[in-house]
Amino acid sequence: MRKCSLEKINLVFAEIAKAYTLYLPTDQNDSSAKFTKWEEGSVWSNALNTVRSPKDFFFPQAEDLMEFKVEGKNIDITDIRQESEDFVIFGVRACDVKSFEILDRVFLVDPVDSFYASRREHGIIVSLACTKPSETCFCTTFGIDCTEPAGDVSIWKTETELYWQANTEKGEKLLSYVDSLTEDANTKAVDEQKEKTSVVMKKLPLANLTTDGFGAGKTMELFNNEAWDELSQTCLGCGTCTFVCPTCQCYDIKDFDTGNGVIRYRCWDSCMYSEFTKMAHGNNRLTQKERFRQRFMHKLVYYPENNDGLYSCVGCGRCLAKCPISMNIAKVMKKIGGEK
Amino acid sequence: MQKITREQLLDRAVALLSDGTVNSVLGWQKGEFDYDVTPHIFKSADELKEGFVWNDFCYANFSKYLVLKTDRIEGKLLVFLKPCDTYSFNQLLTEHRFDREKVYAIGVGCEGMVDVNKLKAAVDGISSIEATEEGLKVTTIYDDEPTVVAIENVLLERCVNCKSKKHVAYDELMGEEGEIIDSARFDEVAALEAMTADERFAFWQNELSKCIRCNACRDACPACTCENCVFNNPNSGVETKAPVTSFEEQMFHIIRAYHVAGRCTDCGECSRVCPQNIPLHLLNRKFIKDINECYGDYQAGEEVGMRAPLVDYTLEDLEPGEVLNRRGEDA
Ligand code: SF4
Ligand code: SF4
Ligand code: SF4
Ligand code: SF4
């Protein structure tokens, strides 16, 4: 384990930014935080997490895939993808790091999504351990330890110091750039911090939320549960929950008529929308109840069924904070699952 | 702190349910925390007693739900309306969007609702909130000393600039009737108008570039009740699911603002629900201010059946050429 004084943090950022494009959470004018590109003068936010999740780096909201031009009987297809450069996302929380694994299981299985794969290859994740979780956090429900975040490099921030630990080759390489600014350290301060945070984690309001009652094989039992009516009755179908969620992965591919050609692009889509996966015969989910149910069944039953029991929620709490009607996965799990 | 108590509303709701006046109650349901209240249709007295709440977090405007819900329920629905909600209620009636006969409306006096974002910015890790005379007493999950937060520091923008404590529609009123307020709600718009065109463009460019096109503003808006919005109708030719270019970012918002112009009651739901904290109310309020200045003061939803200035014609109407003069002034 290495450490450096927090006073040197801007020197560290400057050093990393020489070798990579560096992104880190910075405060916005509305007291929220957002991942922005580091430049001289950027101030690393103290916020627990960003409103937009870091999935944007690998799975952006909209991206152009290819371009067509038609001239006479010829169709010209151009590959307009932009090659990624190595980049660092600094300060990713444990929950969000886990979300990348969930996305990987969708985009990196055969047929591999080469756009996603290229960004994953070039991205280096520096994760940050939590010390002050929010009341909306429930990462522990999904077996995530917020004091021991994964990623290429893990960091722990104390009052005065930053502790670093490389977990992968990419991480070792990143640390080598800041070698002269860091020094060897023992784990005492970090261990103490972990201890303290674990105490808070046990006291969180959602600490007892459990996945009991969900998972593979539960489809028929849960699909027909009566509670879906009540849970979904005032859902606006807005899609906010899906767009702030780090693990929601649905997209649409559309053509944009440029006047003299076509740009084919991909953009986020939401199972909460009435036109989602609309085909010639219409939409297969006619009511908001069905759309609402889909979002939660996917996260809590279908995904684990297809992915060795892994749930597709990481308990980051973004949907709890942002749903306009305060309906969310925690309420769904309590109503339908184990803990009442 | 609200003057009317939960018990007063609860008793009335239970009474109206049991004497058969209504079949169900659209009210606020208790959440996991003390602030995450969910709109809910209660079907029985027991359900009400267990889950009904009325507190400083009952910000949701129920009027729009009447469009969908009154079609689907048997008998009458009891709905609670704050003063600002009653304007949306009337506007929807003017547009024949729901059946008045199927609704029993109780007007509820309101002391202002809390902006949870502001409260969370003031206190991290909220574990409980208690409304007291001094303000909200907030305890945290970190076992810090409780903090007392003055309500006026954490009110929703629409409540800071509340335009009316008067209910313009109800079958029954609980609490005292208030007055229409001469609020400072146009000050921020005036500040934007005072900017140069470039500054103003930069302001909106910056704000709208944050948009993630989640559609919450549209879906919460009581003026947006189209069965199939052009923006999610694949046949409309302008359907966009993501702001792909900065032009599209603006197009969604500008089209929406135009479409609700003269019908927007300034209920504030758009800005409240935006996960990106975009001050959308400023766009709609600019239209309201312009309408007031060009066609005389007009408040959408004040009465049922009013003709909106933009779809009406009077001899006093502004000459179209006046637009050029106005442009001349602020160019
Ligand atoms: S659950 Fe909430 S955020 Fe999600 S679509 Fe429904 S109203 Fe919108
Ligand atoms: S469902 Fe909600 S809590 Fe779970 S990962 Fe998505 S946004 Fe986070
Ligand atoms: S959910 Fe867990 S990992 Fe994520 S921010 Fe909260 S405490 Fe940290
Ligand atoms: S609520 Fe905010 S982020 Fe969502 S579409 Fe409206 S302006 Fe955009």
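Lettering of chains follows the sequences in order, A, B, ..., and the numbering in each one begins at 1.
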For V37(B), which atoms come within 4.5 Å of any heavy atom of chain A: side chain, backbone, both, or neither? backbone

Between F231(B) and F252(B), does the ring centroid distance fall short of 6.0 Å? yes

Comparing K132(A), K203(A), Q28(A), K322(A) against chain B, the one with the most heavy-atom pairs below 4.5 Å turns out to be K132(A)

Examine R213(B) relative to F243(A) and say whether NZ or CZ is less than 6.0 Å from the centre of the six-membered ring and inside a 45° cone about the ring axis. no

Indicate yes or no for a side-chain donor-acceptor contact from T141(A) to the backbone of T210(A) under 3.5 Å, with no hydrogens or angles considered. no

Contact winner vs chain B - K254(A), K331(A), Q233(A), heavy-atom pairs under 4.5 Å: Q233(A)

Go through the atoms of D30(A) and report whether side chain, backbone, both or neither lie under 4.5 Å from a heavy atom of chain B. both

Look at K334(A) together with E32(B) and state whether they make a salt bridge at an N to O cut-off of under 4.0 Å. yes

What are the residues of residues 214-225 of chain B, in order of number, with any heavy atom under 4.5 angstrom from a heavy atom of chain A? C214(B), N215(B), A216(B), D219(B), A220(B)

Toward chain B, the part of S31(A) with a non-hydrogen atom under 4.5 Å: side chain

Determine, for E230(A) against K335(A), whether the closest basic-nitrogen to carboxylate-oxygen distance falls under 4.0 angstrom. yes

Contacting region of A321(A) [heavy-atom separation from chain B under 4.5 Å]: both

With respect to chain A, which residue among N232(B), N117(B), V273(B), D143(B) yields the maximal number of heavy-atom pairs within a distance under 4.5 Å? N232(B)

Salt-bridge contact E63(A)-R119(A) (side-chain N to carboxylate O under 4.0 Å): yes

Could you tell me which portion of T38(B) (side chain, backbone, both or neither) has an atom closer than 4.5 angstrom to a non-hydrogen atom of chain A? both

T139(B) versus S127(B), side-chain donor and acceptor atoms under 3.5 Å: yes

Just say parallel, tilted or perpendicular for the rings of F42(B) and H40(B), cut-offs at 30° and 60°. perpendicular

Looking at I126(B), D124(B), L68(B), which makes the most heavy-atom pairs under 4.5 Å with chain A? I126(B)

Using heavy-atom distances under 4.5 Å, tell me whether L206(A) contacts chain B through its side chain, its backbone, both, or neither. side chain

Region of K120(B) that comes under 4.5 Å of a non-hydrogen atom in chain A: side chain

Looking at E269(B) and R158(B), is any side-chain nitrogen of the basic one under 4.0 Å from a carboxylate oxygen of the acidic one? yes

Greatest number of non-hydrogen atom pairs under 4.5 angstrom with chain B, of V200(A), T234(A), L236(A), D257(A), falls to T234(A)

Under 4.0 Å between a side-chain nitrogen and a carboxylate oxygen: does that hold for R272(B) and D115(B)? no

Run the salt-bridge test on D96(A) and R93(A) with the 4.0 Å N-O cut-off and return the result as yes or no. no

May I ask you to check whether F57(B) and W28(B) place their ring centers less than 6.0 Å from one another? no

